[in-house]
Each structure stands twice: as C-alpha cells, then as structure tokens.
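Just so it is clear: chains get the letters A, B, ... in the order the sequence lines come, proteins before strands, and each one is counted from 1. The structure displayed is predicted, hence computed values, not measured ones.
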Protein chains: 2
Amino acid sequence: MTGQVRTVDGRVAGRRGQETRQKLLDCLREMLSTSPYRDVKVIDVARMAGTSPATFYQYFPDVEGAVLEIAEEMAKDADTLKELVAGKSWAGKSGPTTSEELVDGFLAFWRKNDAILRVVTLGAAEGDKRFFKIRMTVLNAVAKPLAEAVKELQAKGQADKSLDPNAVAGALVSLLASAAEHQKAFTSWGVKVKDLKPNLAPLVYLGVTGKKAPK
Amino acid sequence: MTGQVRTVDGRVAGRRGQETRQKLLDCLREMLSTSPYRDVKVIDVARMAGTSPATFYQYFPDVEGAVLEIAEEMAKDADTLKELVAGKSWAGKSGPTTSEELVDGFLAFWRKNDAILRVVTLGAAEGDKRFFKIRMTVLNAVAKPLAEAVKELQAKGQADKSLDPNAVAGALVSLLASAAEHQKAFTSWGVKVKDLKPNLAPLVYLGVTGKKAPK
DNA sequence: AACTTGTCCTGTCATGCCGTCAGCTTACCG
DNA sequence: CGGTAAGCTGACGGCATGACAGGACAAGTT
C-alpha cells in the first residue's frame, strides 16, 4: 500500500520520528482551529510541539504540505459517511428518517473537522487539484450513493425524471456542506442551530423525492 | 456620508493619493485571482503597482485590511441582486422563469467576483465578524426578498407552512453560493457548466413553492 | 565497554518579507 | 515665491523561511 513514512530528504522515519511527526500534525491541526489559515506559521507549530522549525521541514515541505496530510487522513475517515445513505430507504415513513439521519450525520462530520475542511474548501476553490480531489472524496462519499438513490426512485417512477440525478445529489450535498460551514449565517437569519436539522431535512427529502415530506 | 479617504496616519488623501490607493487595490484584486490567498504578499502587490511596500502601508494596515476594502465595494454592488427576486412572481408559468433568472443572475455575480468572494467566505468561516457581515450583505440581497416570497406563498396556502421561510431562503441561497463557488465539482459529477442553470433552477423552484416545476 | 550504523534533532546561516520612520520630493495655494 | 500638507521611498531591525552539517541518541555487534 502506502510505503513507509519518509522524511523530505528520503530517509525512513522510525518510531521516534513518527511520534514527532504526528505531534507536529496534531499541533498544526490545533493551530488551524484557533488562528486564521493565513497566519499559521511553521515556527508557531514547531514551538507548540516543543521542537524547532528545522524539524518541521524534515517531515513536510511547507505548511500546505502538512495540511494536505491532515486532509488526507480526514478524507479516509469520510468513508463512514457512505453508510448514511447506502442501503437506506426513501419510501414511506422511513424516507424522512433517512433524510434526517443524513443531515445529522453530515453536519456532525463537518463540525468535527471544520478547521481542516475550511482550508480544503479554500484550496479547492482556488483551483488546487490536490485539495479539490480531497474535497470530492468527502462529498462523493454522500453524493454517489445519493445519486444512486435518486436514479432508483426515477426508475420506479417515483421522482421527476427530467432532472439529472448527479446534479440533484451534487446540489444537495453542496447545500449540506455550505450549511455546515456557515451555521452562523443561519443563526443570523433567525434559525437556531438546533432548528437547522428539522429545516434542512425536509428540503433534502424534497430534493430527492420531488415531493413534500409526509408527516 | 463616509468621511474622506484617509491614510493610516490620518492625513486626507488627495487626487494623486487616491489614484495610488486605487491602483494598489486593483493590483491586489488581480493578485487574488491568480495566486493562493496565503501567498499574496504586500511586496508583490506593491511591485505590481510600480510602487514600494511602504506606500502600501500608508493606505492599508495590512493585506487583510485592503481585502476588506475590495470586499465592501463588492458588497455595495450586490445590491443589484435584489432585483432578481423582489417583485417577481412565482405563480403559474412565470415561476420557473423567475427561478431561472435568479440562478443565472446569482451565478453570474459570483463568477464575476469569485476571487474576492473566496476570501470573504474563508474569513466568514473562520469567524471574522467583518467578513461575516459582508458575506451576509451579499447573501441577504437575495435571501431577504426570497424569504418574503416564501412567506407570501405560505399565506396564500400555496406552500408548505411547516417550513421556516428564513430557513428555506437561507438554504437556497447557500446552495447557490456553494454551487457558484465550486462549479468544478459539478463538472466532475458529469454536470456540464451550461447544464448547471437548468438543473439548479427547478430545485430552487421546488424549494420555494414546494411543488414540481410545471413544464 | 567500545564500536558501528542509521535515525533524529538543532544551531546556524543566507535570504527575503514585514512593518515603521525619518526625510526627501511634489503639488497646491495665497 | 515661500509655506504647508500630501505623497513617496530608502533604510532598518525583526522575524519567518528553508537548507545544511554536525552532534545526540538508540540499538545492535563484537
């Protein structure tokens, strides 16, 4: 699979080295969630990890390189999001439940990784292919199975066939991502955080099935 | 109204000064659309403007301060977005048209200002109040009148009353913003850029009215 | 215990950007 | 033409960057 962990100059990292490396990543993650991305400096991360800038550069080419590492870690974790949609039913009473669980699970995941996802989102928007790919991995964990669900409903004649399932799924996932990243915006619209789920879920259900949620 | 333009150390800027200042802003805007935000340096902006870093610091406290300036300019411009919704009808055949024009206008605005909006979005997500406010100004230009439209439809019994109009409007605007910022994501889902509008418009219509778009 | 080997860390250095200030130049006005 | 305020920059201390060489350290060998 992935070869062993290597330093920038090609050596293989041993136990102690991996620990230091991990500590640097942890401190960077911490740093990202407390200061603006633009202000995160190598020297601060190194200081927090109780080591020197030179050590940082032994394991990562620059801040961005280390961020990518964290992001890839998170992208693996995003695999669990698949379960929120795959194999779930959108028919009858279970439909709204599926929708609610999806919204809830997605928001929770985003909240848990908000700092790193912010940077990934920025990188992707700026056209960086590596960040773009990572963002797609996360979104696809939900979008792919969701598109399948829409396709199935269309085939059964239970949804509007004039819409592209990929577009619908993509739009819904985009909505969830945006809502998760900017929860404060909803607060300022008078929608409390705890009301976010009950308001988003019917919209997702509406998007997938094309009809109002039954109550 | 707004006092005259002032330098950081309190002098009032004259004709020449304002020109230099504007040139710096223009170069910064250009810079933002060609390099990652993290890599935009004062010295590069100054060089591009054919002046010195010290001059930059005469007009702006730092890069962020100058970016805020550009963003505020854009926020004013966003006022025109109101017309995409205010006074438009969602009934009958004109509904889908309204929806299409909204999607089209919004995407166009975002595309035109994508570089600065990227930074605003990041700043808002990082919790910076100034950027958050600017982002809300832009989104509210659409979200407020859209929420009004939903309220009216609900009052007439033509839309689902169990949903919070503010939440619905907010969600739809979030969707549009996210789609605009990450058009490439849709491309990778097999949705061509020119198919974005025809796919988003029905979803917006669906969200506002709660029913399928008539064809 | 001395030696070897390869990993791991840091002191140091050249380079370049940051942000400030004093002082020079330019434009305007009476 | 002289005064005044605006406008610009050279120069500087401070700090981050990124590279390297050499020393510390752990683990196994003789």
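Using a 4.0 Å heavy-atom distance criterion, Phe56(B) is classed as making no nucleic acid contact. Nucleic acid contact class of Arg47(B) (heavy atoms, under 4.0 Å, all strands): sugar-phosphate only. Counting non-hydrogen atoms under 4.0 angstrom, Tyr59(B) reaches the backbone sugars and phosphates but no base. The residue Thr7(B) sits apart from the nucleic acid: no heavy atom pair falls under 4.0 Å.
Between the CG atom of Asp9(B) and the P atom of dG7(D) there is a distance of 10 Å, given to the nearest Å. The nearest whole Å value for the distance from the CD atom in Glu19(B) to the P atom in dA27(C) is 12 Å. Atom C1' of nucleotide dA27(C) and atom CD of Gln18(B) are separated by 15 Å, given to the nearest angstrom. Protein atom CG of Asp44(B) is 16 Å distant from nucleotide atom C1' of dG19(C), rounded to whole Å. Residue Asp39(A) contributes atom CG, which lies 13 Å from atom C1' of dA16(D) at whole-angstrom precision. Put simply, CD1 on Ile43(B) is 14 Å from C1' on dA16(D), counting in whole angstrom units. Atom CZ of Arg21(B) is separated from atom P of dA6(D) by 15 Å (rounded to the nearest Å). Tyr57(B) has its OH atom 19 Å from the P atom of dC12(D), to the nearest Å.
The phosphate of dT9(D) (OP1 or OP2) has a side-chain N or O of Thr55(B) nearer than 4.0 angstrom.
At least one donor-acceptor pair under 3.5 Å links the side chain of Thr187(B) to the backbone N or O of Gln183(B).
Test Leu32(A), Ile134(A), Leu28(A), Thr121(A) against Ile116(A) for side chain to side chain contact (heavy atoms under 4.5 Å, CB included) and you get one pass: Leu32(A).
Other residues, nucleotides and ligands place more than 12 heavy atoms under 6.0 Å from the NZ atom of Lys151(A).
The side chain of Val12(B) lies closest to dA6(D) when the candidates are dA6(D), dC9(C), dA27(C). Proximity note for Ala13(B) (side chain, C-beta onward) versus dG7(D), dG18(D), dC18(C): the nearest is dG7(D). When each of dC9(C), dA16(D), dT9(D) is scored by its nearest atom to the side-chain atoms of Thr51(B), the top-ranked nucleotide is dT9(D). Minimum atom distance to the side chain of Ser52(A) is reached by dT10(C), of the listed dC8(C), dT9(D), dT10(C).
Taking OH from Tyr59(A) and OG1 from Thr51(A), the interatomic distance works out to 8.5 Å, rounded to the nearest 0.5 Å.
Ion pairing of Glu19(A) with Lys23(A) is absent here, as no side-chain N (NZ or NE/NH1/NH2) approaches a carboxylate O to less than 4.0 Å.
Residues Arg15(B) and Ala54(B) each lie close to DNA chain C; by heavy-atom proximity, the contact nearer the 5' end of the strand is made by Ala54(B). Along DNA chain D, the nucleotide closest to Gly50(B) and the one closest to Arg11(B) are compared, and the more 5′ of them pairs with Arg11(B).
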